[in-house]
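Data block below; observations after.
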There are 2 protein chains.
Amino acid sequence: MDALTVHEAAQTTGWSARMLRYIERAGLVVPQRSPAGYRLYSPGELQRLRTLRELLDAHQVALSELGFASRMRTDDDLRGAVQAWFDTQPARPTEVPASDWLRWEQEKHQRLIAATRTPIPQLTEIA
Amino acid sequence: MDALTVHEAAQTTGWSARMLRYIERAGLVVPQRSPAGYRLYSPGELQRLRTLRELLDAHQVALSELGFASRMRTDDDLRGAVQAWFDTQPARPTEVPASDWLRWEQEKHQRLIAATRTPIPQLTEIA
DNA sequence: GATACATTACCACGACCGTGTCAAGGTTAG
DNA sequence: CTAACCTTGACACGGTCGTGGTAATGTATC
């Protein structure tokens, strides 16, 4: 009984069923299937889905980026190539690159939440 | 004299000056600056720029994805969080997730090159 | 001091991302 | 056998990515 269908999983994790399928396609949480092809989410996968939301929010990470990380963990070839690239000639001490683009990233995210999110979701108590 | 300006670097690497600035913003190749603020590309950075093109092409990696990889290498916090997430409950043996989305990725890329790229770039040796 | 570069900032544009919704068809349970 | 789920596929839509421009302004070189 510890295997939920998409909509059940959606409700307990906060994602939409649509996004659960999308997340599956990105290779991040891939549930098993029933004989008929229904997605069956195990408790572990449900937990992963919940922490996924936190991970993305906490570090301004995009789903596609995490998908890439997933790819690197499973594709040895890719991981090697990326590592090799980064390890060639850092040349100079790389001084201070981060601060500027970091502000950029943050602004990007603020624009996103400002646009996507339904504005003022909790004004439930109006005296 | 081994430090080129943007346009010089652009010519020897095959990127456009515009893209060199973009790549810098993504944190991938960050050249030093002259006192007046001109970008100065060292030989090592030029090499990185050339291999960057190959890396992206060979493994269907997007600039933003590699930017994320760069972020993970420098942001210990982020790297830890991502690693922790992946390490929690792989639940089932994860069977066979890759094959399907991989086709998806490839198609994505083919659409891209079909649209963006100038067709038939190297037919240099005819007959 | 004019010509040829550099810099940043902004507009444009097609393709993709993250989402929602709907359609057409298969499954499962009362 | 119908109602309530599930599946995949497609259209839509605002926002970002990757890329090219242009404009306004600063710097180097002759």
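Basis for what follows: all heavy atoms, side chains included, without hydrogens, waters or symmetry-related copies. A, B, ... follow the sequence lines: proteins, then strands. Residue 1 opens every chain. Predicted model only: the values in this text are computed from it and were never measured.
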Given dC17(D), dT27(D), dG18(C), which nucleotide is nearest the side-chain atoms of Ser64(A)?
dG18(C)
Give the nucleotide from the list dC17(C), dT28(C), dT8(C) with an atom nearest to the side chain of Arg33(B).
dT8(C)
How many angstroms lie between atom CD of Glu45(B) and atom CG of Leu49(B), to the nearest 0.5 angstrom?
7.5 Å
Distance in angstrom units between Leu20(A) CG and dT7(D) C1', rounded
14 Å
So which one's nearest nucleotide on DNA chain D is more toward 5', Tyr22(B) or Arg21(A)?
Arg21(A)
Taking the minimum atom-to-atom distance to the side chain of Ala36(A), which one of dT27(D), dT28(C), dG18(D) wins?
dT28(C)
Rounded to the Å, how far apart are Leu4(B) CG and dA28(D) P?
17 Å
Whole-Å distance, Trp104(B) CH2 to dT8(D) C1', equals 15 Å
Regarding the side chain of Arg39(B), the nearest nucleotide among dG20(C), dT7(C), dT19(D) is dT7(C)
Under 4.0 angstrom, heavy atoms only, what part of the nucleic acid is Ser34(B) near: base, sugar-phosphate, or nothing?
nothing
Distance, rounded to the nearest Å, where Glu8(A) contributes CD and dT28(C) contributes C1':
13 Å
Quick one: which of dT27(D), dC5(D), dT27(C) gets closest to the side chain of Tyr38(B)?
dT27(D)
Salt-bridge contact Arg73(B)-Asp87(A) (side-chain N to carboxylate O under 4.0 Å):
yes
Among dC11(C), dG18(C), dT8(D), the nucleotide that comes nearest once only the side chain of Leu63(A) is considered
dG18(C)
Please confirm whether the backbone N or O of Glu8(A) pairs with a side-chain atom of Gln11(A), one donor and one acceptor, at under 3.5 Å?
no
To the nearest Å, how far apart are Leu28(A) CG and dG18(C) P?
9 Å
At under 4.0 Å between heavy atoms, what does Ala62(A) touch on the DNA or RNA strands: base, sugar-phosphate, or nothing?
sugar-phosphate
Find the distance Arg18(B):CZ to dT22(D):P and express it as a whole number of Å.
13 Å
For the pair made of CG in Leu56(A) and C1' in dT19(C), what is the distance, rounded to whole Å?
14 Å
With sequence neighbours left out, the residues meeting salt bridge (Lys or Arg N to Asp or Glu O under 4.0 Å) with Arg79(B) are Asp76(B)
Scanning both residues in full, the closest heavy-atom pair of His59(A) with Leu78(B) reads CB-CD1, 3.6 Å
For Gln11(A) and dC5(D), give me the distance from atom CD to atom P, rounded to whole Å.
10 Å
Using the side-chain heavy atoms of Ser16(A), tell me which of these nucleotides is nearest: dG20(C), dT8(C), dG18(D).
dG20(C)
